[in-house]
2 protein chains.
Amino acid sequence: MVQKSRKPPSAAKIEAPVAPKRRGRPRAYEPDVALGKALDLFRRDGFAATSLDDLSAATGMNRPSLYGAFGDKRELYIKSYQRYRDDARAAMVDIFRADAPLRERLERIYRIALDIYLSGESGPRGCFTVMTAASEAVSDPGIRSMVVEGLTELDKAFGICFRDAKERGELPEGADPAALAHLASATIHTIAIRARARVPRRELEAIVKGAVDVLCAAK
Amino acid sequence: MVQKSRKPPSAAKIEAPVAPKRRGRPRAYEPDVALGKALDLFRRDGFAATSLDDLSAATGMNRPSLYGAFGDKRELYIKSYQRYRDDARAAMVDIFRADAPLRERLERIYRIALDIYLSGESGPRGCFTVMTAASEAVSDPGIRSMVVEGLTELDKAFGICFRDAKERGELPEGADPAALAHLASATIHTIAIRARARVPRRELEAIVKGAVDVLCAAK
DNA sequence: ACTTTTTTGTACCATTTCGCATTTAATTCC
DNA sequence: GGAATTAAATGCGAAATGGTACAAAAAAGT
C-alpha cells in the first residue's frame, strides 16, 4: 500500500472538512479511491489491454460516470500516472532529503521501490513509468514528456544524493555523481523490469545489494 | 538493420538450396521477411495495440495465411520475440567472446545495443525483452519464462565478461563480477527505456560512458 | 486432362470496444 | 411541495477485433 491519505495537509483554509454542500445528486464514488483502482488496473495490464468495461467494473462507476469524472481513457491513464508519480514521490522524498549516510539512503530508497514494484494482488506490477515508457511513450508525445519528466526527476534526486555524499567525503575525489546517479536509476529500472518477470524479491534484493556496494565504493 | 540473412550456415546438407519442389500453390510471401515485419510492428506498439489487420497489412499476408503460417496472434508474438532474440544474440555474441580488453568489449556491446534500440522508421523501438517484461510477462507464464531467459542470458554474458576481465587482472581483487554484470545489464535496461522516451542518442551515449567508466574502475 | 495438394482471397461471425444520448434518481434552493 | 441541479443507470450504435469457413487459384503428380 503506497497510497497516502488524500487529505491536503495545507495549513491554510481550515474550512470544507467534509460537507461543501454541493447542489445536485451526490456522487456514489470517491474520486480518489476510484482513481486508485484505475491505476491498479493500468499498472497490471497497461493502457491498450485495459478496457473501459474493466475500469468500470473495478471502480464501480459506470462508463458515463467515468467519462464525466476523468475524461476519456487516455485522460484517465494520464491522471492515473500522475497519481502514481505523486504517491511514489511522497514515499521517497523524505528519504532522499534525509541527513543520513549514502549507503543507508540508497538502501531505504530501494526497499521502498521494491515495495512499490512487488505489491499487487494479482502479481507484481513493476514501475509505471517504465511500463509507460515501454508502451505509449513512443507514439504519444504528451505521455512521453511525462515519462521523460519522471525519469529525469529520479536522476536528479539520486544526483543530489551522490553530490552531497561526495561533499561529505563519503565518496572519493574522482567520483562522478551524475554517472553514479544514472547507475542508481538504472538499478531502479532493472529491478522494476525483473519484478514484472516475477523474479523473487530475494534475488532483487541481492541485485540491489551488489549495486549499492559498487555505488558506495566507486572510483 | 540487425536481421542477418536467414540462410542456415550449417555445413552439412548442401541440398535444398532453392527448389524443394513443393506440391501445391506456392507461397506468395517469404516467411522470414513477413516475420520481420511482424516483429517491427510488435516492437513499436506492443502486443495488445497491434491488431491482426495491422499485421496483415504490414506483412502483405491476409489473415488466414498469417494464421496458417504462424498460428494465432500470441504464437506470432512469441515467434517474433524468438526472432528478436536470435538477431540480438547474433549481433552480440562475437563481441562477448572477443579476446579484447573489458572496456572495449563493453563499449562495443553498448554501441550495438543502441543501434538496435534506436532503429526504426517510426521512432526508436527500445528492447523487445524489456517491452515484453513490461506488458505480457506478468499475466502470461509462457511469455514470462522467455523473458526471464532473455534477462538471464544477458546477465550471464556480462558475467563471463567481468569474470575473465578479473582473471586477467583488469579488475581489482575485490571486484564482484556478478554484481558488475547486473549493473551492466541494468545499463542496457535503462538505455532501452530511455530510448523509447526518445532521449537522444548523445545522452544515451553519455550515460553509457559514465557507466563504463564506473564498471571498469570498480572497487 | 484430371486429380491432389497447398495456398490465397473473400466474406462472414460473434464479441468487444469506445463513446454518447437519453432517461431516471437524488439532492439543494426557493 | 416544486423547480433546478447534479449524477447514476440504461442502453444504443458504429467501428474494430480475433478468428474461421469456404470457394477460387496455382502448382505438382498421374
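Proteins get letters first, then strands, A, B, ... in listed order; numbering begins at 1 in each.
Salt bridge status for A:Asp155 with B:Arg194: present, with a side-chain N to carboxylate O gap under 4.0 Å. Contact check on B:Asp176 versus A:Lys209 returns no salt bridge, with no Lys/Arg side-chain nitrogen under 4.0 Å from an Asp/Glu carboxylate oxygen. Taking a cutoff of 4.0 Å between a charged side-chain nitrogen and a carboxylate oxygen, A:Asp86 and A:Arg89 qualify as a salt bridge.
Of the side-chain N and O atoms in A:Tyr67, one or more sit less than 4.0 angstrom from OP1 or OP2 of C:dC20. Between B:Asn62 and C:dT8, a side-chain N or O to OP1/OP2 separation shorter than 4.0 Å is absent. The phosphate of C:dT16 (OP1 or OP2) has no side-chain N or O of A:Ser51 nearer than 4.0 angstrom. Under 4.0 angstrom from either OP1 or OP2 of D:dA8 there lies at least one side-chain N or O belonging to A:Ser65.
Closest-nucleotide positions on DNA chain D for B:Pro64 and B:Phe47 were compared, and the one nearer the 5' end corresponds to B:Phe47. Judged by closest nucleotide on DNA chain D, B:Lys73 is the one of B:Lys73 and B:Pro26 placed further toward the 5' end.
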Distances under 3.5 Å between protein N/O atoms and the N/O atoms of nucleotides 2-4 of chain C, please, pair by pair.
unit_1: C:dT4; atom_1: O2; unit_2: B:Arg23; atom_2: NH1; d: 3.1

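Between B:Leu55 atom CG and D:dT17 atom P there is a gap of 11 Å when expressed in whole angstrom units. A:Glu75 places its CD atom 13 Å from the C1' atom of C:dG19, with the value rounded to the nearest Å. In this structure, the CG atom of B:Leu66 is 14 Å from the P atom of D:dT17, given to the nearest Å. At whole-Å resolution of the value, CZ in A:Arg27 and P in D:dA8 are 8 Å apart. Note: CZ (A:Phe70) to P (C:dC18) measures 16 Å, nearest angstrom. Taking atom CG of residue A:Asp53 and atom C1' of nucleotide C:dC18, one finds them 9 Å apart after rounding to whole Å.
Listed nucleotides D:dG18, D:dA26, D:dA21 differ in distance to B:Arg63; the shortest reach to its side chain belongs to D:dG18. Closest to the B:Leu52 side chain, of the nucleotides D:dT17, D:dG19, C:dG19, is D:dG19.
Residue-level contact check: B:Ser56 touches neither bases nor backbone, having no heavy atom under 4.0 Å from any strand.
One finds the CZ atom of A:Arg83 at 7.0 Å from the CG atom of A:Leu39 (value rounded to the nearest 0.5 Å).
In terms of polar N and O atoms assigned as donor or acceptor, the side chain of A:Arg25 comes within less than 3.5 Å of the base of C:dA25 in a complementary pairing.
Of the possible polar contacts, one joining the B:Arg125 side chain to the B:Ser119 backbone as a donor-acceptor pair under 3.5 Å is found.
Partners of A:Glu205 according to the side-chain contact (heavy atoms from CB on, under 4.5 Å) rule, which considers only residues two or more places apart in sequence or in another chain, are A:Leu114, A:Arg201.
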Given the rule in the side-chain contact (heavy atoms from CB on, under 4.5 Å) test, do B:Leu66 and B:Lys73 qualify, once you have shown the distances and angles that lead to the verdict?
CA-CA 9 Å; B:Leu66 256 181; B:Lys73 193 181 169 188; over 6 Å; no

